[in-house]
Protein chains: 2
Amino acid sequence: MRPDRRLSRMLHVLIHLDRHGGRLTSDDIAQMLGTNPVVVRRSMAGLRERGYVESVKGHGGGWALTRPLSDITLLDVYMALGEPGLFALATSQDNPRCLVERAVTDRLDETLDQARELLLGRFAEITVAEVAGDFEHRFAALDDDERCASDAG
Amino acid sequence: MRPDRRLSRMLHVLIHLDRHGGRLTSDDIAQMLGTNPVVVRRSMAGLRERGYVESVKGHGGGWALTRPLSDITLLDVYMALGEPGLFALATSQDNPRCLVERAVTDRLDETLDQARELLLGRFAEITVAEVAGDFEHRFAALDDDERCASDAG
DNA sequence: TCCTCACGTAAGCGTGTTTGTTACGTGATA
DNA sequence: TATCACGTAACAAACACGCTTACGTGAGGA
């Protein structure tokens with residue numbers, strides 16, 4: 001199955017919006033992500049509905065943050081994307097009458113639920129500002145040449 | 001993305017093989033799973049290569065266990081399937097030069113790795129015999145009518 | 001010997017989800 | 001009024017599992 005990369009991409013965008021300060025158009029963002037402005041608008045619609053960003057039409061329009069990154073957790077972004085399925089694994093329901101199958105699915109679902117709980121719990125603990133801090137720390141550690149060579153200066 | 005149900009199905013099959021005692025043909029198993037014998041052979045090839053089951057051609061042929069369920073963990077079955085990807089989520093590599101993206105992907109990958117470690121660790125702790133025990137326990141708790149109505153008697 | 005059974009494998013299509021693309025509409029600004 | 005930029009619908013591409021068909025091989029029985 002093709003993996004969902006929207007969470008990764010949206011975090012990337014939020015941090016760039018913060019660093020940029022002003023507005024970025026869907027086209028700007030699409031170029032950063034190597035994709036299409038329509039994909040950007042589609043992915044960011046949920047973030048707008050939840051009030052993390054706003055979009056403005058017309059000249060000088062584009063996308064901007066409406067609150068600090070420290071107020072947005074990875075879980076917030078994940079939920080703004082519609083809480084897509086986390087696992088590429090699922091239990092089968094080929095014959096719900098079969099008690100063997102039910103024992104298997106119950107045991108597997110229980111284990112998957114534990115992993116899901118851990119994952120979403122971690123997402124809830126991490127703010128986007130923290131990830132931005134990871135970047136700042138790395139960027140500060142570079143010497144001047146490396147800073148010029150990187151795309152995030 | 002379409003989830004992978006092979007792990008669930010293979011556990012189901014292994015427990016039925018154990019309860020049945022003798023051999024089951026790919027056709028028998030396909031009917032249990034509501035699928036096609038070719039799908040069964042393909043999924044079970046890895047289990048055979050690892051020595052958990054054997055297959056015999058010709059009259060009276062089919063599939064049988066080659067070791068007790070207590071010697072097979074969920075992790076063993078997962079690995080026999082070729083260790084398919086666990087998550088429907090992945091990090092993006094749209095622009096590896098971008099330090100922001102790298103900070104995001106590193107943080108996300110780290111979190112996903114934690115969840116993966118938990119999940120595979122749990123898989124390693126659970127034997128197929130344990131899941132079969134779950135079934136036996138439930139089956140013993142049924143009264144006669146319910147046993148007849150279930151498909152696992 | 002010949003037939004049937006059952007597995008082994010290759011090849012192609014179906015399907016669902018994200019992603020990519022085109023097209024058209026709407027509102028805001030110069 | 002022209003242009004910019006978002007909003008949305010519609011459709012194609014890519015990808016992996018699942019399904020189906022087809023053909024080959026080895027084992028056993030008539």
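Within every chain, numbering begins at 1; the chains are lettered A, B, ... in the order of the sequence lines, protein sequences first and strands thereafter.
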Measure from [atom1] on [X] to [atom2] on [N] and round the result to the nearest Å.
| X | N | atom1 | atom2 | result |
| --- | --- | --- | --- | --- |
| His59(B) | dC2(C) | NE2 | C1' | 12 Å |
| Leu81(B) | dG18(D) | CG | C1' | 14 Å |
| Arg41(B) | dG18(D) | CZ | P | 17 Å |
| Arg6(B) | dG18(D) | CZ | P | 6 Å |
| Asp27(B) | dC19(D) | CG | C1' | 14 Å |
| Asn36(A) | dT22(C) | CG | C1' | 9 Å |
| Asp4(B) | dT17(C) | CG | P | 15 Å |
| Met44(B) | dT9(C) | CE | P | 14 Å |

Within residues 105-113 of chain B, which residues have any heavy atom lying less than 4.0 Å from an atom of DNA chain C? none
Any side-chain heavy-atom pair of Arg9(B) and Val39(B) under 4.5 Å: yes
Taking atom types as they are modelled, would you say the side chain of Arg42(A) forms a donor-acceptor pair with the base of dG20(C) within the 3.5 Å cutoff? yes
Of Asp94(B) and Gly61(B), the one whose nearest nucleotide on DNA chain C sits closer to the 5' end is Gly61(B)
Quick check on DNA chain C: between Gly34(A) and Ala45(B), whose nearest nucleotide comes earlier from the 5' end? Ala45(B)
Short side-chain donor-acceptor distance under 3.5 Å, Arg6(A) and Ser43(A): no
Is [X] salt-bridged to [Y], cutoff N-O under 4.0 Å?
| X | Y | value |
| --- | --- | --- |
| Glu110(A) | Arg107(A) | no |
| Arg23(A) | Glu54(A) | yes |
| Asp18(A) | Arg67(A) | no |

Does [X] place a side-chain N or O at less than 4.0 Å from the phosphate oxygens OP1/OP2 of [N]?
| X | N | value |
| --- | --- | --- |
| Ser26(B) | dC7(C) | yes |
| Ser55(A) | dG7(D) | yes |
| Arg48(A) | dG7(D) | yes |

What's [X] touching, base or sugar-phosphate or nothing? Going by heavy atoms closer than 4.0 Å.
| X | result |
| --- | --- |
| Arg23(A) | nothing |
| Gly85(B) | nothing |
| Val38(A) | base |

Other residues, nucleotides, ligands: >12 heavy atoms within 6.0 Å of Glu83(A) CD: yes
Could you go through the side-chain contact (heavy atoms from CB on, under 4.5 Å) check for Ile29(B) and Met44(B) one step at a time? CA-CA 11 Å; Ile29(B) 296 170; Met44(B) 295 190 68; 4.0 Å; yes
